[in-house]
Structures are given as C-alpha cells and as structure tokens.
Amino acid sequence: MTTVLNRNVTLTAPQPQPAAPTPPLRAEITALRQEAARMRALAHRRAAFWTKADIAFGFPAALLAAVSAATGLATADARVPAALLALASAGFAAGAGFLRCDRRVLGNKRARTAWAALEGRAAVALARPSLGPDDLAELQELRLAALGAYDAQDLATSTGD
C-alpha cells in the first residue's frame, strides 16, 4: 500500500519479511534426533544386558542356597559340601548386590523412554516448515532429562544412598 502525502514524499507500508532461513537450526535438530535414536538403541541394549546379568547372578544364588540347605540337612557327612555351596551362593548374591543390576535395568529403561521422547519430538519439529530457537531449547531440555534419567532413582525403591 502506497500513500502519497505530497509530490515529493511517498510512504510505503512495511512488507512482511520472509522467515529467516533455518538450516542451522534444522541441522542441529537433525543431529539431536540422530543422537536420540543412537542413545535409545544403546539404552535398550544395556537394559537387556543388565537383565541377563541379574538373572545370571540371582538364579544360581537361589539354586545354590536351596541345594546347600538340602545337602546340609540330609546327613552330617554332607556339611562340608553344603558349606561350600552356601559360600558359592553367598558369592553370587554379593555379586548381584554389588553390581545392582536391577537399578541399572530401571535406569536404562527410563533413559530409553526419555531418548525415545526426544527422538519423537525432534521428528515432529523437523516436520514443521519453520523452526525457531524455542524448538531447539525444548529439545535441549529433553536431552538433559534423558541424560539425567540414568541416575534418577525410582522413588519406590530408593534407599537413600
């Protein structure tokens, strides 16, 4: 729209500026999405590993404890083998307690969920025609939450350590 005040001065209404190009933001969000996909898969593999480790320590501990009890109660001559079985059972139980496999499984499952959320939000952001700094800030907050999910304690199993 042009308005002429007099013959020498012409005023023109400001034209809307095209949106600023967002290739740097798009590249950063793409990188965040790729990192989230990679970390989600890693957390999934770690959760599976620690589940197997928990079973590998817990099952023999329970089995050896039961066998040592049965052996010790069977006869007086079987007390030495029963004691050795009980010692092995205690070793497996101590290993399971030291490694805290159950907490590692929970931490990796929480992290897997958080990384998947970041990956999904990044995919949604990339589907939009224009991106802003707020989109990147939101994704960075989700990334920090995903990184913190490994160490977050489950309130139901927290022992205060």
Side-chain angles (χ1 to χ4, degrees), residues 22-161:
T22 60
L25 282 176
R26 191 165 295 279
E28 184 66 25
I29 291 174
T30 301
L32 278 173
R33 182 179 179 204
Q34 291 169 349
E35 177 190 18
R38 191 174 54 254
M39 295 301 288
R40 178 186 46 80
L42 180 62
H44 179 75
R45 287 192 306 272
R46 285 179 177 170
F49 170 78
W50 287 113
T51 298
K52 292 172 188 170
D54 194 26
I55 292 168
F57 280 104
F59 182 72
L63 184 64
L64 288 173
V67 170
S68 69
T71 305
L73 294 174
T75 64
D77 295 335
R79 286 191 181 151
V80 172
L84 293 175
L85 289 174
L87 184 61
S89 174
F92 277 109
F98 176 73
L99 292 175
R100 297 176 11 187
C101 299
D102 55 339
R103 286 196 181 191
R104 291 175 190 253
V105 168
L106 290 175
N108 279 288
K109 285 184 177 182
R110 277 192 300 270
R112 179 182 62 196
T113 302
W115 286 115
L118 173 59
E119 183 182 9
R121 291 271 181 95
V124 169
L126 289 171
R128 282 187 253 154
S130 64
L131 300 170
D134 292 340
D135 296 320
L136 183 60
E138 176 190 359
L139 293 173
Q140 289 290 357
E141 287 177 17
L142 286 173
R143 181 179 181 272
L144 288 176
L147 289 171
Y150 292 102
D151 296 328
Q153 288 189 2
D154 188 20
L155 296 176
T157 61
S158 178
T159 58
D161 54 341

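Here the closest heavy-atom approach between residue L139 and residue A125 is recorded as CD1-CB, 4.4 Å. For the pair G132 and L25, the tightest heavy-atom approach, listed with the atom from each and the gap, is C-CD1, 3.6 Å. For the residue pair S68 and L85, the shortest heavy atom distance occurs at CB-CB, 3.4 Å. The two residues A88 and L64 have their closest heavy-atom pair at CB-CD1, 3.7 Å. The two residues D54 and C101 come nearest to each other via the heavy atoms CB-CB, 3.6 Å. The nearest pair of heavy atoms linking R110 to A149 is NE-O, 3.5 Å.
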Might you work through the side chain to side chain contact (heavy atoms under 4.5 Å, CB included) test for L42 and R46, ending with a clear yes or no? CA-CA 6 Å; L42 180 62; R46 285 179 177 170; 3.6 Å; yes

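Looking at residues two or more places apart in sequence or on another chain, you find a side-chain contact (heavy atoms from CB on, under 4.5 Å) between A61 and S89, F92, A93. Scored by the salt bridge (Lys or Arg N to Asp or Glu O under 4.0 Å) test, E35 finds R143 as partners (sequence neighbours excluded).
Distance check: E138 CD to L118 CG gives 9.5 Å after rounding to the nearest 0.5 Å. The CD atom of E141 sits 10.5 Å away from the CG atom of L136 when rounded to the nearest 0.5 Å.
No side-chain heavy atom of N108 sits less than 4.5 Å from a side-chain heavy atom of R45. Residues L106 and Y150 form no side-chain contact, since every pair of their non-hydrogen atoms from C-beta on lies 4.5 Å or further apart. Looking only at side-chain heavy atoms (C-beta outward), T113 and K109 stay at 4.5 Å or farther from each other. Residues R128 and D135 have side chains in contact (heavy-atom distance under 4.5 Å, counting atoms from C-beta outward).
Exactly one of R38, R40, R112 qualifies for a salt bridge (charged side-chain N to carboxylate O under 4.0 Å, His left out) with E119. That residue is R40.
Here the side chain of R26 pairs no donor or acceptor atom with the backbone of L131 at under 3.5 angstrom.
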